[in-house]
Amino acid sequence: MIEVRHLTHQFGRLTAVDDISFRAEPGTVTGFLGPNGAGKTTALRAIAGLIRPTAGEVRVNGRPMREHRMPLAELGVLLDARQLHPGRRADQHLRALAATQGIPRRRVDEVIELAGLGSAAHRRVGGFSLGMSQRLGIAAALLGHPSALVLDEPINGLDPDGVIWIRELLRRLADEGRTVLLSSHLMAELALTADRILVIGQGRLLADASLAELLAAHDSLEDAYLALTRTRLAFAAGHPNAE
């Protein structure tokens with residue numbers, strides 16, 4: 001489980017995330033929506049333990065990430081598929097990660113095949129397309145058999161077969177009882193994949209509802225998103241036309 005409690009993070013005088021709280025539950029794909037600059041990436045980095053929040057706390061399976069002795073077994077993370085050493089081969093990258101926590105080599109071979117990288121395992125990642133880099137990032141996220149995953153725009157750069165693959169993979173992981181938190185701009189894809197939707201805008205949590213609840217009140221997830229981000233943010237800003 002991923003628990004976010006009153007999370008606030010500031011960069012100088014800028015408040016990127018403003019007192020948000022939510023839970024991503026086991027067995028559920030939770031979609032995370034918001035415009036550029038809304039605070040999604042900052043929130044995800046705080047969950048992954050890459051930044052220390054200004055206030056509030058984040059727990060993964062009951063503890064902050066920095067307190068877990070085997071973090072790769074608790075949380076798999078994909079935030080930027082391009083942050084790879086360009087001269088390293090795909091299998092070398094995964095083996096280096098595995099070695100940090102005693103993960104056996106056979107698991108590296110398993111995630112290479114799972115991600116569809118068998119024919120590219122010995123290629124240097126500097127020559128990878130974005131889609132192949134995404135597949136490698138997902139393989140790395142799955143390396144430790146984590147009980148929870150945080151994935152930021154994992155579909156970027158994937159071809160149609162890759163999109164179907166990641167959709168089915170995320171559904172299967174949730175069905176196995178894992179927690180999946182998925183950030184994406186592709187609302188049609190989230191509507192096919194997610195069980196629950198979080199909407200963030202200007203650092204504030206605007207909605208935390210099941211997909212079914214949002215679709216019961218709106219014609220589509222896109223309509224729900226537009227209504228939330230336009231109306232509630234206008235109201236928060238004191239816009240005279242806000243409802």
Side-chain angles (χ1 to χ4, degrees), residues 1-7 17 20-34 39-51 53 56-79 97-98 101 103 107 110-111 114-115 134 137-155 163-184 186-187 189-200 205-216 221 224:
M1 180 185 296
I2 297 170
E3 299 174 274
V4 175
R5 303 174 182 171
H6 302 291
L7 176 66
V17 178
I20 67 172
S21 298
F22 64 84
R23 301 201 318 180
E25 302 276 358
T28 301
V29 178
T30 301
F32 200 18
L33 274 172
K40 298 191 307 298
T41 299
T42 299
L44 296 180
R45 288 176 61 82
I47 291 169
L50 299 176
I51 59 174
E57 63 176 354
V58 178
R59 294 178 179 268
V60 176
N61 300 327
R63 296 181 180 180
M65 280 303 297
R66 64 182 178 276
E67 294 183 6
H68 286 293
R69 295 182 61 188
M70 299 286 288
L72 292 182
E74 304 294 337
L75 185 68
V77 177
L78 171 62
L79 295 182
L97 285 176
Q101 294 184 38
I103 296 170
R107 179 57 181 167
E110 288 172 0
V111 296
L114 178 62
Q134 293 283 42
I138 292 166
L142 295 172
L143 193 57
H145 284 293
S147 59
L149 292 114
V150 166
L151 306 173
D152 190 9
E153 304 288 354
I155 295 172
V163 171
I164 294 170
W165 167 73
I166 190 65
R167 184 192 304 157
E168 293 176 347
L169 173 65
L170 297 181
R171 190 69 266 158
R172 185 166 71 249
L173 292 170
D175 290 344
E176 291 172 358
R178 306 196 208 198
T179 301
V180 180
L181 180 58
L182 169 65
S183 173
S184 178
L186 301 177
M187 284 177 273
E189 191 59 36
L190 280 182
L192 292 172
T193 308
D195 305 295
R196 193 161 193 87
I197 300 291
L198 307 169
V199 180
I200 190 172
L205 191 64
L206 304 179
D208 180 353
S210 71
L211 178 64
E213 289 171 333
L214 291 175
L215 294 181
L221 181 56

Chemist: Quick one: does R196's side chain have a donor or acceptor within less than 3.5 Å of a partner on A24's backbone?
Modeler: no
Chemist: Starting at OG of S184, measure out to CG of L33 and round the result to the nearest 0.5 Å.
Modeler: 7.0 Å
Chemist: I need the minimum non-hydrogen distance between L97 and A140, along with the two atoms involved.
Modeler: CD1-CB, 3.7 Å
Chemist: For residues G144 and I103, report the shortest heavy-atom separation together with the two atoms involved.
Modeler: CA-CD1, 3.8 Å
Chemist: Run the side chain to side chain contact (heavy atoms under 4.5 Å, CB included) test on T28 and T179 for me, step by step, so that the C-alpha distance in whole Å, both residues' side-chain angles and the decisive distance to 0.1 Å come before the verdict.
Modeler: CA-CA 6 Å; T28 301; T179 301; over 6 Å; no
Chemist: Spell out, as yes or no, whether a donor-acceptor pair under 3.5 Å connects the side chain of E3 to the backbone of E25.
Modeler: no
Chemist: Keeping D208 on the side-chain end and L198 on the backbone end, is there a donor-acceptor pair under 3.5 Å?
Modeler: no
Chemist: Are D152 and S183 close enough that a side-chain donor and a side-chain acceptor fall under 3.5 Å?
Modeler: yes
Chemist: Short question: side chain of Q101, backbone of L72 - any donor-acceptor pair under 3.5 Å?
Modeler: yes
Chemist: For side chain to side chain contact (heavy atoms under 4.5 Å, CB included), just list the numbers for L79 and R45, CA-CA rounded to whole Å, side-chain angles, deciding distance to a tenth of an Å, and then say yes or no.
Modeler: CA-CA 8 Å; L79 295 182; R45 288 176 61 82; 3.7 Å; yes
Chemist: Below 4.5 Å, heavy atoms only, C-beta onward: do L170 and L149 meet side chain to side chain?
Modeler: no
Chemist: Any side-chain to backbone donor/acceptor pair from E189 onto L186? Under 3.5 Å, distance only.
Modeler: no
Chemist: Does the side chain of V60 come within less than 4.5 Å of V150's, by heavy atoms?
Modeler: no
Chemist: Under a 4.5 Å cut-off applied to non-hydrogen side-chain atoms, are L151 and L44 in contact?
Modeler: no
Chemist: Is there a side-chain contact between T30 and V180 in this structure, where contact means two heavy atoms from C-beta onward sitting under 4.5 Å apart?
Modeler: no
Chemist: For G27, is there any backbone N or O sitting under 3.5 Å from a side-chain donor or acceptor partner on R178?
Modeler: no
Chemist: Side-chain contact test, heavy atoms from C-beta onward, threshold under 4.5 Å: evaluate it for L75 versus M65 and give yes or no.
Modeler: yes
Chemist: Looking only at heavy atoms, what is the nearest atom pair of P146 and G76, with distance?
Modeler: CB-N, 3.4 Å
Chemist: Considering non-hydrogen atoms only, spot the tightest contact between I200 and G39 and give its length.
Modeler: CD1-C, 4.1 Å
Chemist: At what distance, to the nearest 0.5 angstrom, does CD1 of I197 lie from CG of L206?
Modeler: 13.5 Å
Chemist: Less than 4.5 Å apart, any side-chain heavy atom of R171 and any of V29?
Modeler: yes
Chemist: Side-chain contact, heavy-atom cut-off 4.5 Å: M1 with R59?
Modeler: no
Chemist: I need the minimum non-hydrogen distance between A43 and V17, along with the two atoms involved.
Modeler: N-CG2, 4.0 Å
Chemist: Any chance you could measure R5, atom CZ, to E57, atom CD, to the nearest 0.5 Å?
Modeler: 5.0 Å
Chemist: Side chain of R107, backbone of L142: donor and acceptor closer than 3.5 Å?
Modeler: yes
Chemist: Taking the side chain from W165 and the backbone from L114, do they hold a donor-acceptor pair closer than 3.5 Å?
Modeler: yes
Chemist: In terms of side-chain heavy atoms, does N61 have a donor or acceptor partner in S147 at a distance below 3.5 Å?
Modeler: yes
Chemist: Taking the side chain as everything from C-beta on, heavy atoms only, tell me whether V199 gets closer than 4.5 Å to L205.
Modeler: no
Chemist: Specify the closest pair of heavy atoms between L78 and G137, including all atoms of both residues, with the distance to one decimal.
Modeler: CD1-CA, 3.7 Å
Chemist: If I take atom OG1 from residue T41 and atom CD1 from residue I51, how far apart are they, to the nearest 0.5 angstrom?
Modeler: 10.0 Å
Chemist: Once rounded to the nearest 0.5 Å, what's the spacing between atom CD1 of I155 and atom CG of L190?
Modeler: 7.5 Å
